[in-house]
Amino acid sequence: MAYKRQIGRLPIIPANAKEHNVVCHYCIVGCGYKAYTWDARYEGGTAPDENKFGVDLSTQQGADTEAWYAPAMYNLVKQNGHDVHVVIKPDKNCVVNSGLGSVRGARMAEMSYSRARNTQLRRLTDPMVWRYGQMQPTSWDDALDLVARVTAAVIAEQGEDGVFVSAFDHGGAGGGYENTWGTGKLYFGAMKVKNIRIHNRPAYNSEVHATRDMGVGELNNCYEDAELADTIVAVGTNALETQTNYFLNHWVPNLRGTSINKKKAEFGNEPVDRCRIVIVDPRRTVTTNACEVEAGKENVLHLALNSGTDLILLNAWLTYVADKGWIDKAFIAASTRDFDSALAANKVSIDEASRVTGIPSGDIIKAAEWIAQPKHGGARRRAMFAYEKGLIWGNDNYRTNGALVNLALATGNIGRPGGGCVRMGGHQEGYSRPSDAHVGRPAAYVDKLLIEGKGGVHHIWGCDHYKTTLNALQFKQAYKKRTDMVKDAMSTATYGDRSAMVNAIMDAIRKGGLFAVDVDIVPTKIGEACHVLLPAATSGEMNLTSMNGERRMRLTERYMDPPGQAMPDCLIAARIANHMERVLRETGKEQLADNFRGFGWKTEEDAFMDGYHKHEKGGEFVTYARLRAMGTNGFQEPAVGIERLLLSKLDLEHLPQRLPDQNAS
Ligand SMILES: Nc1nc2c(c(=O)[nH]1)N[C@H]1C(S)=C(S)[C@@H](COP(=O)(O)OP(=O)(O)OC[C@H]3O[C@@H](n4cnc5c(=O)[nH]c(N)nc54)[C@H](O)[C@@H]3O)O[C@H]1N2
Ligand SMILES: Nc1nc2c(c(=O)[nH]1)N[C@H]1C(S)=C(S)[C@@H](COP(=O)(O)OP(=O)(O)OC[C@H]3O[C@@H](n4cnc5c(=O)[nH]c(N)nc54)[C@H](O)[C@@H]3O)O[C@H]1N2
Ligand code: SF4
Ligand SMILES: [Mo]
């Protein structure tokens, strides 16, 4: 972490500072920011025409002034090789956060690589290889030649199933449509890698299979729906801490009652009730406390269930609201199948639910009333269901997730204003890859296979099993042993003798060793076991597209240089492919080599145009230029109805009319 601010006074942003669109990469919410950069030799002045804010800074500013920034929002960085000041501050005009920052996003500048101010100096600046007993810096060509030769040799002996991969599948830093496409085209296009896992789970599968299998994509509403709901049902989500500005900017106004005019405008004569919230969480979280402060205790129901008992609670609610007739029969008939058998199969009494969950029966019933009892005049109550890791990482999450979707469907709360049954989300999203159908279901349990000694080479992209996998201790023990075998073998060969080196590595692999390559922005724990480290550029050091929890797609514009030789992940993937092609041709494997063509990208924009633009629904309408013009508000995916946002009449031709993509995870 960076605390050395070393500054007594912050420079004034000059009127002619460059302005870049930025989306905070730290979490799913994707708050809009602006990065201002200008030559380090100058600064603006206090006169209105001398500063970016256009106000007289020689006078005291008001309490809510925008003409201000905090030390954490400032740094001195490189841009095209020159020193520039950078200020990254929340964008008041972004509808996601309306100018709010958070303890994470508002430190983006301070958390940038700066040699002048000594921040983030632990960033990887050069490719590193294991050479004579330690990691040593080298060139891209040297490091990638080694990676390609070992990977090709493993494929020759074990086939592509010997190539193990761990890779982000999300947006934001260590992700984005550019980088998921780059890695995806490498492992699912050029190769058909089956032993692949995602950053946060040891297999290549969905976190929320059930909702998808039910035909309900997990990001099916807008942040604005939280302002319109009569009741919010929060299951296993601690939104104040983990989706901060979604909570503050869209839940709180409803909890406070200040979104009432929005509701009236949206729903006309429908009765407007005070927003209530049901929180299902074994712990009393800061979110629960904040809700009580904002909505009043009488409008907050915290159900501190026994952990892992959500399924029975959700089914008891479904049973109860159906018995009471508080269901949306027309919606059920038009949009669902087999409702009666679902109801019969999942019947649970309130008493039984109370016994298992430990929640008093009265509270379970009260919550059911808040969720589904019609409002006065018989109007349907609008409920928004939000869930995250407390449900997703629970045992039996398939059925639990399905039970929550059942309840939302039964009460007619999918695809309606003020409704939704949604993940709150983790990282941003940004999934664009060739088909993963060859992985199959159930997907390989990659970490277990690694523990069991399977695989010859492991490519890791922006994730750290040592810290975040299941059964981490056993994983570390097995992994260290296997990668140490290769390290010891490498020390027996002269580094400059590439074929002797590859032979030594392959000998160790045959005995159970594992060759590991880590692509990250900093040294990681699992990186300590690796033989090659490849330095990635991150958000702001490259142009990067992603979407947030309401499918809002934006472009973060590059505003600074990556450290040293670091490159965007998509270009690292492309260069690995180039080296694979070269090495395979050298050894006469022309056919295999041909698979690695099509990676001539020079920039991340090339990767975007090859991936998202060509392959995603409506992607043909999405370009960097258009995204830049759409600023920090961007548009909500899929790219249909984009005619309202497009720049010229010409753009109106051939509009696609398709449904949302279900690929993102
Ligand atoms: N014990 C425990 N384990 C957990 C969880 C938990 O709550 N407790 N949560 C689970 C969940 S939900 C998640 S999402 C995972 C998170 O686990 P990870 O995804 O492994 O963790 P992150 O910290 O998000 O990022 C991983 C790495 O990405 C690197 N990185 C950042 N930007 C870039 C970039 O632009 N390019 C590249 N190549 N790398 C980059 C960072 O330096 C970091 O080392 O953990 C899971 N595991
Ligand atoms: N500050 C910050 N924000 C982040 C992240 C971060 O690292 N730091 N990471 C991002 C990522 S990748 C993710 S996935 C999200 C995670 O966001 P959340 O899911 O909101 O966070 P968690 O703390 O993992 O879990 C939420 C709640 O689940 C509760 N819980 C535990 N067991 C059960 C249970 O059996 N039933 C129910 N109903 N609840 C239970 C816990 O008490 C906890 O309060 O956060 C994102 N935002
Ligand atoms: S809420 Fe999330 S996206 Fe917004 S500033 Fe905080 S960390 Fe960044
Ligand atoms: Mo996550």
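Side-chain atoms are counted along with the backbone in the values below, which use heavy atoms only and exclude waters and symmetry mates. Residue numbers count from 1 along this sequence. Whatever order the structure lists ligands and atoms in, that order sets their numbers, starting from 1.
For atom 29 (C) of ligand 1, the nearest protein heavy atom (residue, atom name, distance) is Asp520 OD1, 3.2 Å. What sits closest to atom 9 (N) of ligand 1 on the protein, heavy atoms only, is Trp393 NE1, 4.0 Å. Protein heavy atom in closest approach to atom 6 (Fe) of ligand 3: Ser102 OG, 2.3 Å. With hydrogens left out, the protein atom closest to atom 24 (O) of ligand 1 is His427 NE2, 2.8 Å, a heavy atom. For atom 47 (N) of ligand 1, the closest non-hydrogen atom on the protein side is Thr468 O, 2.9 Å. Regarding atom 31 (C) of ligand 1, its nearest protein heavy-atom neighbour is Ile521 CD1, 3.6 Å. Of the protein's heavy atoms, Arg104 NE, 3.3 Å lies nearest to atom 7 (S) of ligand 3. With hydrogens left out, the protein atom closest to atom 2 (Fe) of ligand 3 is Cys27 SG, 2.3 Å, a heavy atom. Of all protein heavy atoms, the one lying nearest to atom 8 (Fe) of ligand 3 is Cys24 SG, 2.3 Å. Among all non-hydrogen protein atoms, the one lying nearest atom 38 (N) of ligand 1 is Asp569 OD2, 2.7 Å. From the protein, the heavy atom lying nearest to atom 11 (C) of ligand 1 is Asn200 CB, 3.6 Å.
Minimum heavy-atom separation, Pro90 to Tyr33: N-CD2, 3.3 Å. Here the closest non-hydrogen pair linking Gly549 and Leu219 is O-CD2, 3.7 Å. The heavy-atom pair separating Arg575 from Trp601 by the smallest distance is NH2-O, 2.7 Å. The two residues Met567 and Ile572 make their nearest non-hydrogen contact at O-CD1, 3.5 Å. For His458 against Ser166, the heavy-atom pair with the smallest separation is NE2-OG, 2.8 Å.
The closest side-chain donor-acceptor pair between Thr287 and Glu241, if any, does not fall under 3.5 angstrom. Asp447 and Thr469 share a donor-acceptor pair across their side chains, judged by distance under 3.5 Å alone. With 3.5 Å as the limit, one finds a donor-acceptor pair spanning the side chains of Thr632 and Asp91. Between the side chains of Arg283 and Ser307, no donor-acceptor pair is found at a separation under 3.5 Å. Remark: the Thr211 side chain and the Glu218 side chain contain no N/O donor-acceptor pair separated by less than 3.5 Å. Remark: the Thr119 side chain and the Asn75 side chain contain an N/O donor-acceptor pair separated by less than 3.5 Å.
Taking every heavy atom of Ala536 and a limit of under 4.0 angstrom, the matching atoms of ligand 1 come to 36 (N), 37 (C), 38 (N). Under a 4.0 Å criterion applied to the non-hydrogen atoms of Gly105, ligand 3 contributes the atoms 5 (S), 8 (Fe). The ligand atoms of ligand 3 that sit less than 4.0 angstrom from a heavy atom of Gly30 are 3 (S). Taking a cut-off of under 4.0 Å to the non-hydrogen atoms of Ala537, the atoms of ligand 1 that pass are 35 (O). Residue-ligand proximity, Val522 to ligand 1, at heavy-atom distances under 4.0 Å covers atoms 42 (O). Remark: ligand 1 atoms within the under-4.0 Å shell around heavy atoms of Thr524 are 44 (O). Shown in contact with Lys389 at under 4.0 Å from a heavy atom are these atoms of ligand 1, numbered in order with element: 12 (S). Near Thr538, the atoms of ligand 1 lying under 4.0 angstrom from a non-hydrogen atom of the residue are 32 (N), 33 (C), 34 (C), 35 (O). For ligand 3, the atoms lying closer than 4.0 Å to a non-hydrogen atom of Tyr26 are 7 (S). Close contacts between ligand 3 and Cys31 involve ligand atoms 1 (S), 3 (S), 4 (Fe), 5 (S) [criterion: under 4.0 Å to a heavy atom].
Ring planes of Phe247 and Trp251: tilted class, angle from 30 to 60°. Between His250 and Tyr246, the two ring planes are tilted [angle within 30° to 60°]. Between His209 and Tyr398, the angle of the ring planes lies from 30° to 60°, which puts this pair in the tilted group. Ring-plane geometry between His465 and Phe475 is classed as parallel, the angle between the planes falling under 30 degrees on a 0 to 90 degree scale with a further cut at 60.
For atom 43 (C) of ligand 1, a protein heavy-atom neighbour is found at a distance under 4.0 Å. Of the protein's heavy atoms, at least one falls inside 4.0 Å of atom 15 (C) of ligand 1. Taking a distance limit of 4.0 Å, we find that atom 7 (O) of ligand 1 is approached by no protein heavy atom. Under the 4.0 angstrom criterion, atom 2 (C) of ligand 1 counts as lacking any protein heavy-atom contact. Distance remark: protein heavy atom present below 4.0 angstrom from atom 20 (O) of ligand 1.
Considering each of Gly462, Ala472, Gly540, the one bringing a non-hydrogen atom nearest atom 27 (C) of ligand 1 is Gly462.
Geometrically, ligand 1 and Gly174 share a nitrogen or oxygen pair separated by less than 3.5 Å. No N or O atom of Gly175 sits closer than 3.5 Å to an N or O atom of ligand 1. For ligand 1, one of its N or O atoms has an N or O atom of Asp464 under 3.5 Å away.
Heavy atoms of Tyr33 found under 4.0 angstrom from ligand 3 belong exclusively to the side chain.
Taking the ring centroids of Phe188 and Tyr204, they lie under the 6.0 Å cut-off.
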Self-check item: Worked check of ring pair (Phe, Tyr, Trp, His ring centres under 6.0 Å) between Phe168 and His427
Solution: CA-CA 10 Å; Phe168 48 76; His427 296 78; 9.4 Å; no
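Contact between Tyr246 and ligand 3 is absent, with no heavy atom of the residue lying under 4.0 Å from the ligand. Residue Asn245 places a heavy atom under 4.0 Å from ligand 3.
Comment: Arg423 engages Glu388 in a salt bridge, judged by a side-chain N to carboxylate O separation of less than 4.0 angstrom.
Heavy-atom neighbours of Lys389 NZ from other residues, nucleotides or ligands within 6.0 Å: above the threshold of 12.
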